[in-house]
Amino acid sequence: MDMPFDITLLMVMTTIAGISAQVLAAYLKVPSIVFLLLFGILLGPDGCGVLHPQLLGDGLESIVSLAVALILFEGGLNLELRDLGKVSGALRNLVTIGTLVTLIGGGVAAHALGEFPWPIAFLYAALVVVTGPTVIGPLLKQVQVDRSVAALLEGEGVLIDPVGAILAVLVLDVILNGDADPIRLLAGLTIRLGLGSAIGAAGGWFLGWFLKRANFLSEDLKNLVVLAGLWGLYGLAQAIRSESGLMATVVAGLVLGASGVPEVRLLRRFKGQLTIMAISVLFILLAADLSLASIVALGWGSVFTVLALMFLVRPLNVWICTINSDFNWRQKLFVSWISPRGIVSASVASLFSILLTERGINGGDAIKALVFLTIIMTVVAQGLTAQTVANFLQLTSVKASGAVIVGSNPLSRLMGRLFKERGESVVLLDTNPEACKQAEQENLRVFLSSALDIKVLEEVGLGSMGTFLAMTSNGEVNLVLAQRAVEEFKPPRVLAVFPGEVEGGGSNGNGKVQQAFIADLQLKTWNQYLSDGQVKLGETMLKEAGFAFQQAHLRALIRAAELVPLFLERGGQLQVASAVESWQPGDRIIYLLHDPKPKLLKRLSGASDRLTIEKLPAVEEVPMPSPVLEEVMKETLRETQAAS
């Protein structure tokens, strides 16, 4: 078998293994890097012997460099400047002061516990300064923490990678050349960061300017133009000054993302797919190239070194860098725990191992082994426990409270009042002055503005709200507003009132925007019922005994347009009801029931216009079904069972 086919087979097997690891991780809801490392080691020379990355020779370094540039560009492109602005002080400290703390703390730990010589110990510390978007990004997609914590971790992961890589190169230069002049080191770091930032800013601006005017290009070709552009900027920066290319790609991504390019959402999707591919291939190759014997040879001292990095150095780093911030102790504790190392540490360590060996300096293989041990321990421990820690500290964004409701109509104002009675913050948006005035009369906070105005959404605090609910009289507009909210702010729960015939049935097709209340809600009709006082507000608890019959009765009332579920409470958490929600025994449902009794009779009987939640006999005291109703309920039961 000739060499070219060996390399072809290597890349084919690597790609299959990488994507398989991603699929398995998505199915088990585990960070993908756990399986990428596992598959790489199992398929490498120390495992089954299927993959031999050394066949690539120097080509492995080129693949790693271009892939890391792509990953960092995608990280910069996805960073939200408004979110970074809220954590700018803590982020700046983590990238500057935090780098120094980790460098010193990691170096001392490697020397004292791992018994590494001081130069090699500080080289290790420089390599593990970075956290990396390759691990942080996928982790935060699975563990939905509140926006400020996520912004800080994402910003640190993207911005500290080029800083750490340049710092590691400078430390290596000291080891190889024996020049430890701190002024020269600081100047080298500053020049590389400054040069990379300048090239990246100019290149990102030019790409944005070009894309806005290149209407003759298809969307697919624009994506490829950006790919070629980012690699061109990386190569240009590297050619002028080594190791400045990573900073150029990060800044280019930031500038392009903030330039207002209409196709930025498609760019993010395309680059995100390429990044998943790059991460999958790189981690498999680098893990397969790892010698397990070299890790075992490190001994327990190296394990204690990594533990010191995780439990002493990182918490000290975060505490110092966030001492004057608005973060509470729960947020600081979570940030202290989440610092897995990623692809930049692995790739640079692999390169340094080769360089040290070529120069006849001992410690190259040990450095690489210790860095991979750090990656394995941090990724496995923190990746597998992140969700549990976030739940324990009550930082998951799904528990975020408050709501932004678009549309000030009778039903939306009722929803606002119910949110407010639960003690949650609620804001209404409407472009109709009269509708806003009615909301103000009901003591609801309201803004006279369009929900397409991003600045207004920022002002009302959508970034920290738990629910976005679009319920204007126009269903298509509601869906557009909800999709915009998902793209710009990513609230945990996004619902909209839109026609049932929209693709997806109960969602907009991607599952991020749910259809509020029921399919094809006749909003105008129910608003009229509310205005005429022809409704009652009720609640019911679904019981284990007779659950199927109780559910069928409620579904029959919904199909008869007599009942609309508003809220669903499960596990102590009350959320807006969704058309696709599957009910369970123990659920508490708050609903509106059509009550056609004339408003005048209500007033004569002394009834109040203000709706209060009560147990309603029409729902609670379910009669034995008549032959006609029995057929309707049987059909409803069949549909319910088929859906489940």
Side-chain angles (χ1 to χ4, degrees), residues 401-453 456-457 459-462 465-486 489 491 493-499 513-538 561 563-568 574-579 589-594 609-613:
S401 62
V404 173
I405 302 176
V406 183
S408 179
N409 51 61
L411 184 56
S412 63
R413 292 196 296 272
L414 172 63
M415 296 293 294
R417 180 170 68 81
L418 293 175
F419 270 113
K420 191 174 180 180
E421 289 176 355
R422 292 164 52 195
E424 296 192 23
S425 172
V426 61
V427 180
L428 273 65
L429 296 173
D430 204 302
T431 56
N432 186 333
E434 183 61 32
C436 291
K437 184 177 180 180
Q438 291 176 334
E440 289 175 346
Q441 291 173 351
E442 297 181 26
N443 295 320
L444 293 170
R445 187 181 174 209
V446 62
F447 278 71
L448 179 62
S449 174
S450 167
L452 290 173
D453 191 331
V456 171
L457 293 178
E459 185 178 353
V460 303
L462 180 56
M465 294 285 195
T467 301
F468 178 89
L469 175 59
M471 48 188 306
T472 71
S473 58
N474 191 318
E476 284 75 13
V477 170
N478 291 337
L479 188 54
V480 170
L481 295 175
Q483 290 171 334
R484 183 76 179 272
V486 169
F489 293 91
R493 297 174 292 278
V494 180
L495 302 99
V497 175
F498 57 85
V513 177
Q514 293 185 321
Q515 195 170 25
F517 311 125
I518 60 174
D520 205 14
L521 173 69
Q522 300 301 311
L523 184 61
K524 183 178 180 180
T525 300
W526 283 94
N527 279 329
Q528 191 63 50
Y529 288 161
L530 278 163
S531 298
D532 294 341
Q534 296 183 347
V535 292
K536 285 186 177 181
L537 188 62
L563 182 145
V564 174
L566 302 181
F567 287 96
L568 173 69
L574 196 63
Q575 299 180 4
V576 176
S578 164
I589 298 173
I590 298 176
Y591 58 84
L592 267 184
L593 183 70
H594 179 215
D609 286 338
R610 186 174 179 83
L611 292 172
T612 57
I613 301 176

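Throughout, numbering of the chain's residues begins at 1 and tracks the sequence.
Side-chain contact between K524 and Q528: absent, with no pair of heavy atoms (C-beta onward) separated by less than 4.5 Å. Counting only heavy atoms from C-beta outward, the side chains of V460 and L429 approach each other to under 4.5 Å. The shortest distance between side-chain heavy atoms of R445 and V426 does not fall below 4.5 Å. Looking at heavy atoms from C-beta onward, L593 lies out of side-chain contact with V564 at the 4.5 angstrom threshold. Side-chain contact between V446 and E440 is present, with at least one heavy-atom pair separated by less than 4.5 Å. For the pair K536/L592, no side-chain contact is recorded, criterion being any heavy-atom separation below 4.5 Å from C-beta on. At a threshold of 4.5 Å between non-hydrogen side-chain atoms, the residues F498 and V477 do not count as touching. The shortest distance between side-chain heavy atoms of P499 and E476 falls below 4.5 Å.
Residue pairs meeting the ring-ring contact (aromatic ring centres under 6.0 Å, His included) criterion with at least one member in residues 403-450, sequence neighbours excluded: F419-F567.
If you take CG on N478 and OG1 on T472, they are separated by 3.5 Å, rounding to the nearest 0.5 Å. To the nearest 0.5 Å, the span separating CZ on R417 from CD on E442 amounts to 8.0 Å. Residue F517 holds its CZ atom at 12.5 Å from CG of L563, rounded to the nearest 0.5 Å. With values rounded to the nearest 0.5 angstrom, L530 atom CG is found 11.5 Å from T525 atom OG1. Here the CG atom belonging to L444 is positioned 11.5 Å from the CD atom belonging to Q438, to the nearest 0.5 angstrom. Taken from CG in D520 to CD in Q515, the straight-line distance is 7.5 Å, to the nearest 0.5 Å.
The nearest pair of heavy atoms linking E434 to N432 is N-OD1, 2.9 Å. The nearest pair of heavy atoms linking V513 to A482 is CG1-CB, 3.5 Å. Contact detail for I518 and P565: the closest heavy-atom pair is CG2-CD, 3.5 Å. Closest non-hydrogen pair, L448 versus P433, comes out as CD1-N, 3.7 Å. Here the closest heavy-atom approach between residue D430 and residue S408 is recorded as OD2-N, 2.6 Å. A403 approaches M465 most closely through the heavy-atom pair N-SD, 3.5 Å.
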Intermediate values then yes/no, side chain to side chain contact (heavy atoms under 4.5 Å, CB included), R493 and F468: CA-CA 6 Å; R493 297 174 292 278; F468 178 89; over 6 Å; no
Stepwise side chain to side chain contact (heavy atoms under 4.5 Å, CB included) check, L537 with T612: CA-CA 6 Å; L537 188 62; T612 57; over 6 Å; no
Test log, rule side chain to side chain contact (heavy atoms under 4.5 Å, CB included), inputs S578 and L495: CA-CA 8 Å; S578 164; L495 302 99; 4.2 Å; yes
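Looking at D453 and S450, their side chains never bring a donor and an acceptor atom within 3.5 Å of each other.
Of the candidates I405, L428, N409, M415 forms a side-chain contact (heavy atoms from CB on, under 4.5 Å) with just one, namely I405. Only one option out of L566, L418, T467 pairs with V576 in a side-chain contact (heavy atoms from CB on, under 4.5 Å); it is T467.
Residues satisfying the salt bridge (charged side-chain N to carboxylate O under 4.0 Å, His left out) criterion with R422, sequence neighbours excluded, are E424.
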